[in-house]
K.L.:
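Before we start, here is the structure in question, set down as structure tokens.
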Amino acid sequence: MRTVIVMPGTGSDADFVRRVFAPHAASIEAELHCLEPEADLVDSYLTRIDAIAARSDRVIVGGVSIGAAIAVAWASDPAHVDRCDGVLAALPPWSGAPGDSLASLSARITADAIENNGLEHSVAAMVDGSPDWLGAELARSWRSLHPRGLVAQLRAASVFTCPTLDDIAGLRVPLGVAVAPDDPLHPADVGRAWASAAPRGAVVETPLTEFGPDEALLGAACVRAWRTASATRANL
């Protein structure tokens with residue numbers, strides 16, 4: 001049976017990506033594995049993907065934001081191509097080095113706030129400045145992740161070097177990308193560029209205002225893009 005392995009974005013957790021992707025796993029005949037972030041964010045994800053892939057027949061890797069970037073990095077390794085059926089990339093944050101990316105800056109600011117002002121003060125400030133659904137979601141995940149190294153996770157994500165467009169141009173598996181044109185932290189142009197650079201890539205747009213209250217719409221966009229990419233002849 002095919003296995004789908006997904007990772008959450010910065011400050012989010014396995015509960016969220018389960019709600020994003022679980023409704024669609026059966027439609028691609030897959031068993032879903034949702035990885036919880038750990039303090040050693042990147043290496044722990046890669047190690048666990050390797051372990052799950054080693055006992056699976058076929059895998060699809062994916063995730064949201066930094067999770068999507070790590071999935072593409074894993075799938076880009078030629079050693080993994082023979083068992084990988086593709087990537088589900090929701091809301092890519094940036095390409096290459098983070099530079100002045102708003103997602104990277106937001107992660108650093110959040111880490112500083114939690115360290116300097118405490119978790120509950122930071123949660124309250126975030127909730128005050130967020131839509132109701134986002135405030136509730138992040139308040140839950142930040143409190144859940146804080147004992148497991150939330151600040152370290154935020155800092156690791158903020159400096160992560162994502163795959164470059166040249167890296168993605170060498171990707172040998174289908175890449176399905178979901179972007180939100182109204183999400184300032186995850187510019188839609190980044191995701192569009194990822195899909196365009198991939199030999200077999202496709203992008204589906206879904207507004208943040210729609211999938212925010214109904215996160216399964218984000219997973220649906222990813223799977224639809226992946227299906228389109230899978231049916232596309234590689235442009236090599």
Side-chain angles (χ1 to χ4, degrees), residues 2-25 28 30-56 59-77 80 83-95 98 101 103-104 106-107 110 137-138 140-142 144-145 148-150 152-163 167-168 171 173 175-180 183 185-186 190-191 194 211 215-216 218-219 221-223 225-226:
R2 178 186 283 154
T3 300
V4 174
I5 309 165
V6 291
M7 295 158 283
T10 310
S12 186
D13 62 2
D15 181 78
F16 178 74
V17 287
R18 184 173 293 107
R19 284 180 275 128
V20 169
F21 292 106
H24 315 290
I28 54 177
E31 177 184 355
L32 183 66
H33 286 256
C34 303
L35 304 186
E36 251 342 328
E38 298 178 358
D40 185 10
L41 187 74
V42 179
D43 286 345
S44 70
Y45 276 152
L46 295 174
T47 298
R48 282 177 286 163
I49 295 173
D50 284 342
I52 296 169
R55 59 179 186 265
S56 304
V59 299
I60 294 174
V61 291
V64 178
S65 189
I66 201 70
I70 294 170
V72 171
W74 187 89
S76 298
D77 186 334
H80 302 143
R83 67 181 61 195
C84 185
D85 285 342
V87 181
L88 304 173
L91 310 178
W94 60 81
S95 302
S101 160
S104 172
S106 176
T110 300
E137 179 62 38
L138 291 180
R140 181 199 60 76
S141 64
W142 288 8
S144 172
L145 293 173
R148 304 200 300 272
L150 173 60
Q153 296 164 21
L154 291 163
R155 296 208 185 282
S158 73
V159 298
F160 182 67
T161 299
C162 292
D167 294 330
I168 295 170
L171 189 64
V173 299
L175 173 64
V177 181
V179 301
D183 183 351
L185 292 185
H186 304 93
V190 173
W194 280 28
F211 78 74
E215 57 275 354
L218 184 60
C222 267
V223 171
W226 173 80

K.L.:
With heavy-atom distances below 4.5 Å as the criterion, would you say the side chains of Ile70 and Val42 are in contact?
P.N.:
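Result yes, sub-4.5 Å side-chain heavy-atom pair found.
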K.L.:
Are Thr47 and Ser44 packed together at the side-chain level, in the sense that at least one heavy-atom pair is separated by less than 4.5 angstrom?
P.N.:
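They are not in contact (no side-chain heavy atoms under 4.5 Å apart), so the answer is no.
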K.L.:
If I compare all heavy atoms of Leu145 with all of Ser12, which pair ends up nearest, and what's the gap?
P.N.:
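Closest heavy-atom pair between Leu145 and Ser12: CD1-O, 3.0 Å.
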K.L.:
Main chain of Ser158, side chain of Ser104: is a donor-acceptor contact present, judged purely on distance under 3.5 Å?
P.N.:
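Such a contact is found between Ser104 side chain and Ser158 backbone.
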K.L.:
Taking all atoms of both residues into account, what is the closest heavy-atom pair of Ala157 and Trp94, and its distance?
P.N.:
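The pair with the smallest heavy-atom distance is O-CH2, 3.3 Å.
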K.L.:
Hey, is the main chain of Gly67 close enough, under 3.5 Å, to the side chain of Ser65 for a donor-acceptor pair?
P.N.:
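A pair under 3.5 Å: no.
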K.L.:
Hey, could you give me the CZ/OG1 distance between Arg55 and Thr3, rounded to the nearest 0.5 Å?
P.N.:
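Arg55 CZ to Thr3 OG1: 8.5 Å, rounded to 0.5 Å.
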K.L.:
Any side-chain heavy atom of Val190 sitting closer than 4.5 Å to one from Ser95?
P.N.:
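In short, these two side chains touch, coming nearer than 4.5 Å.
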K.L.:
Apply side chain to side chain contact (heavy atoms under 4.5 Å, CB included) to Val17 and Val64, showing your working.
P.N.:
CA-CA 7 Å; Val17 287; Val64 178; 3.9 Å; yes
K.L.:
Quick one: CG on Leu185 to OG1 on Thr10, what's the gap to the nearest 0.5 Å?
P.N.:
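So the CG of Leu185 and the OG1 of Thr10 are separated by 10.0 Å.
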K.L.:
Would you please test Glu36 and Arg18 for salt bridge (Lys or Arg N to Asp or Glu O under 4.0 Å) and show each step?
P.N.:
CA-CA 10 Å; Glu36 251 342 328; Arg18 184 173 293 107; over 6 Å; no
K.L.:
With rounding to the nearest 0.5 Å, note down the distance linking NE2 in His24 to CG in Leu218.
P.N.:
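Rounded to the nearest 0.5 Å, the NE2-CG separation comes to 8.5 Å.
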K.L.:
Using a 3.5 Å distance criterion without hydrogens, assess whether the side chain of Glu137 forms a donor-acceptor pair with backbone atoms of Phe16.
P.N.:
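Not at all, since once roles are kept as given, no pair shorter than 3.5 Å links the two residues.
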K.L.:
When rounded to the nearest 0.5 angstrom, what is the spacing between CD1 in Ile5 and CG in Leu88?
P.N.:
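Going from the CD1 atom of Ile5 to the CG atom of Leu88 covers 11.0 Å.
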K.L.:
Going by the side-chain contact (heavy atoms from CB on, under 4.5 Å) test, name the single residue among Val6, Val87, Val4, Val223 that passes it with Ile60.
P.N.:
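Of the listed options, the one satisfying the test is Val4.
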K.L.:
For His80 and Trp74, indicate whether the former's side chain and the latter's backbone hold a donor-acceptor pair under 3.5 Å.
P.N.:
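Checked: pair present.
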K.L.:
Drop me the distance from Leu32's CG to Arg2's CZ, to the nearest 0.5 angstrom.
P.N.:
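CZ of Arg2 is found 13.0 Å from CG of Leu32.
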K.L.:
For Val72 and Leu171, which heavy atoms make the closest approach, and how far apart are they?
P.N.:
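So the minimum-distance heavy-atom pair works out to O-CD1, 4.3 Å.
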K.L.:
With sequence neighbours left out, which residue pairs that include part of residues 40-53 fulfil the salt bridge (charged side-chain N to carboxylate O under 4.0 Å, His left out) condition?
P.N.:
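Non-adjacent pairs meeting salt bridge (charged side-chain N to carboxylate O under 4.0 Å, His left out): Glu38-Arg48.
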K.L.:
Looking at every non-hydrogen atom in both residues, tell me the closest pair between Ala152 and Ala39 and how far apart they are.
P.N.:
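In this case the closest contact between Ala152 and Ala39 is CB-O, 3.9 Å.
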K.L.:
Can you name the closest pair of heavy atoms from Ala73 and Pro163 and give their distance?
P.N.:
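Shortest heavy-atom contact: N-CG, 3.8 Å.
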K.L.:
Taking side chain to side chain contact (heavy atoms under 4.5 Å, CB included) as the test, write out the residues that go with Thr110, two or more places apart.
P.N.:
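Ser106, Ile114, Trp142, Leu154.
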K.L.:
How many angstroms lie between OG in Ser56 and CD in Glu31, if you round to the nearest 0.5 Å?
P.N.:
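Ser56 OG to Glu31 CD: 7.5 Å, rounded to 0.5 Å.
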K.L.:
Spell out, as yes or no, whether a donor-acceptor pair under 3.5 Å connects the side chain of His33 to the backbone of Ile49.
P.N.:
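Flag not set: sc His33 to bb Ile49 has no pair under 3.5 Å.
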K.L.:
Would you call Leu41 and Arg155 a side-chain contact if the rule is heavy atoms closer than 4.5 Å?
P.N.:
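No, their side chains stay 4.5 Å or more apart.
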K.L.:
For Leu35 and Pro8, work out which heavy atoms get closest and say how close.
P.N.:
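Looks like O-CD, 3.2 Å.
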